[in-house]
Amino acid sequence: MTEVTCAIILNGDLILAAQRSESMQLPLKWEFPGGKIEKGETAECCLLRELKEELNIEVEIIGKLNPSIYSYDFAVVKLIPFVVNYVSGEITLSEHKTVRWLKRDELRAMDWAPADVEVVEEYLKFTC
């Protein structure tokens, strides 16, 4: 099982969604950004590192949601979601095609990667 972190990045009442590039697995699907946990790394450290590497931003972790486990054709992924506040940095894309800031009621309308669908539902269940 591959353990992967993801961030529900909040900026006021907006939430960041990132679209996977055409060259990535699950091309053009939307996801919450993050990445694979490296050996000896905590999930929290992984998340902060990945957001800096992939988006050039700093965040503050404010909570953790239940993991989503999904069996893709290429791997079984345990997606560990965190709720974070955007702190600083101008978004620079190194892997994703684009990003969008969404309102809470727009989340279900996106074409999410399958593991992220469960994260969306988990997030909406615990927020007003």
Side-chain angles (χ1 to χ4, degrees):
M1 182 177 310
T2 304
E3 291 191 321
V4 179
T5 61
C6 72
I8 299 168
I9 302 169
L10 307 177
N11 188 1
D13 66 345
L14 299 176
I15 301 156
L16 188 77
Q19 187 178 38
R20 297 175 68 83
S21 73
E22 292 91 337
S23 63
M24 298 170 82
Q25 290 178 324
L26 305 171
L28 303 179
K29 293 285 189 184
W30 290 86
E31 67 179 359
F32 294 114
K36 292 180 189 169
I37 299 174
E38 295 178 355
K39 186 175 175 142
E41 186 176 46
T42 66
E44 292 81 359
C45 287
C46 168
L47 185 74
L48 298 175
R49 174 185 55 77
E50 287 283 353
L51 294 177
K52 185 64 176 171
E53 289 174 4
E54 291 183 6
L55 299 176
N56 189 44
I57 63 170
E58 305 282 339
V59 300
E60 172 191 30
I61 296 172
I62 57 174
K64 185 177 180 181
L65 300 178
N66 292 322
S68 165
I69 297 175
Y70 193 85
S71 294
Y72 290 104
D73 293 340
F74 53 86
V76 176
V77 174
K78 179 179 182 180
L79 187 58
I80 305 166
F82 291 89
V83 179
V84 305
N85 277 326
Y86 168 80
V87 174
S88 65
E90 185 174 329
I91 294 176
T92 305
L93 302 178
S94 65
E95 294 188 14
H96 292 91
K97 179 177 175 128
T98 191
V99 294
R100 281 185 57 192
W101 288 101
L102 304 169
K103 292 196 177 285
R104 184 181 185 281
D105 63 0
E106 296 175 298
L107 291 175
R108 286 192 176 113
M110 305 302 289
D111 184 17
W112 294 100
D116 289 78
V117 171
E118 197 171 309
V119 174
V120 168
E121 294 305 319
E122 178 83 1
Y123 174 71
L124 292 174
K125 184 171 32 173
F126 290 107
T127 59
C128 297

> Transitively linked via ILVMFWY side-chain contacts under 4.5 Å: Ile91 with Val87?
Replying inline: no

> Under 3.5 Å, is there a donor-acceptor pair between the side chain of Asp116 and the main chain of Phe32?
Replying inline: yes

> side-chain hydrogen bond (donor to acceptor under 3.5 Å, both in side chains): which pairs involve residues 1-12, sequence neighbours left out?
Replying inline: none

>> Using the salt bridge (Lys or Arg N to Asp or Glu O under 4.0 Å) criterion, which residues pair with Glu90? Sequence neighbours excluded.
In response: none

>> If you define the side chain from C-beta out and look only at heavy atoms, does anything of Arg108 sit under 4.5 Å from Glu121?
In response: yes

> In Å, rounded to the nearest 0.5 Å, how long is the span from OG of Ser94 to NZ of Lys52?
Replying inline: 11.5 Å

> Can you list every salt bridge (Lys or Arg N to Asp or Glu O under 4.0 Å) pair that touches residues 15-25, not counting sequence neighbours?
Replying inline: Arg20-Glu31, Glu22-Lys97

> Of all residues at least two apart in sequence or in a different chain, which pass the salt bridge (Lys or Arg N to Asp or Glu O under 4.0 Å) check with Glu41?
Replying inline: Arg49

> Is it the case that one hydrophobic cluster holds both Leu124 and Trp112, taking links as side-chain heavy atoms less than 4.5 Å apart, direct or via other members?
Replying inline: yes

> Same cluster for Ile8 and Leu51 if Ile/Leu/Val/Met/Phe/Trp/Tyr side chains link at under 4.5 Å?
Replying inline: no

> side-chain hydrogen bond (donor to acceptor under 3.5 Å, both in side chains): which pairs involve residues 64-82, sequence neighbours left out?
Replying inline: Asn66-Glu122

>> Within this structure, what is the CD-CG distance for the pair Gln19 and Leu26, rounded to the nearest 0.5 Å?
In response: 12.0 Å

> What distance separates Ile57 CD1 from Leu16 CG, expressed to the nearest 0.5 Å?
Replying inline: 6.5 Å

> Donor-acceptor pair, Trp30 side chain versus Leu107 backbone, under 3.5 Å?
Replying inline: no

> salt bridge (Lys or Arg N to Asp or Glu O under 4.0 Å) with Lys36: which residues, sequence neighbours excluded?
Replying inline: none

> Any idea which heavy atoms bring Ala18 and His96 closest together, and the distance?
Replying inline: CB-CD2, 3.4 Å

> So do the side chains of Ile15 and Leu10 get within less than 4.5 Å of each other, counting heavy atoms only?
Replying inline: yes

> When rounded to the nearest 0.5 angstrom, what is the spacing between CD1 in Ile61 and CD in Glu44?
Replying inline: 5.5 Å

> Quick one: which of Val4, Val120, Val119 gives a side chain to side chain contact (heavy atoms under 4.5 Å, CB included) with Pro81?
Replying inline: Val119

> If you measure from CG on Leu93 to CD on Glu54, what distance do you get to the nearest 0.5 Å?
Replying inline: 10.0 Å

>> Would a single hydrophobic cluster contain both Leu65 and Val117, if residues Ile, Leu, Val, Met, Phe, Trp and Tyr are joined by side-chain heavy-atom contacts under 4.5 Å?
In response: yes

> Does Ile80 share a hydrophobic cluster with Val83, counting links as ILVMFWY side-chain heavy atoms below 4.5 Å and allowing steps through other members?
Replying inline: no

> Out of curiosity, Leu55 CG to Glu95 CD, how far, rounded to the nearest 0.5 Å?
Replying inline: 9.0 Å

>> Assess whether a salt bridge exists between Lys103 and Asp13, defined as any Lys/Arg side-chain N lying under 4.0 Å from an Asp/Glu carboxylate O.
In response: yes

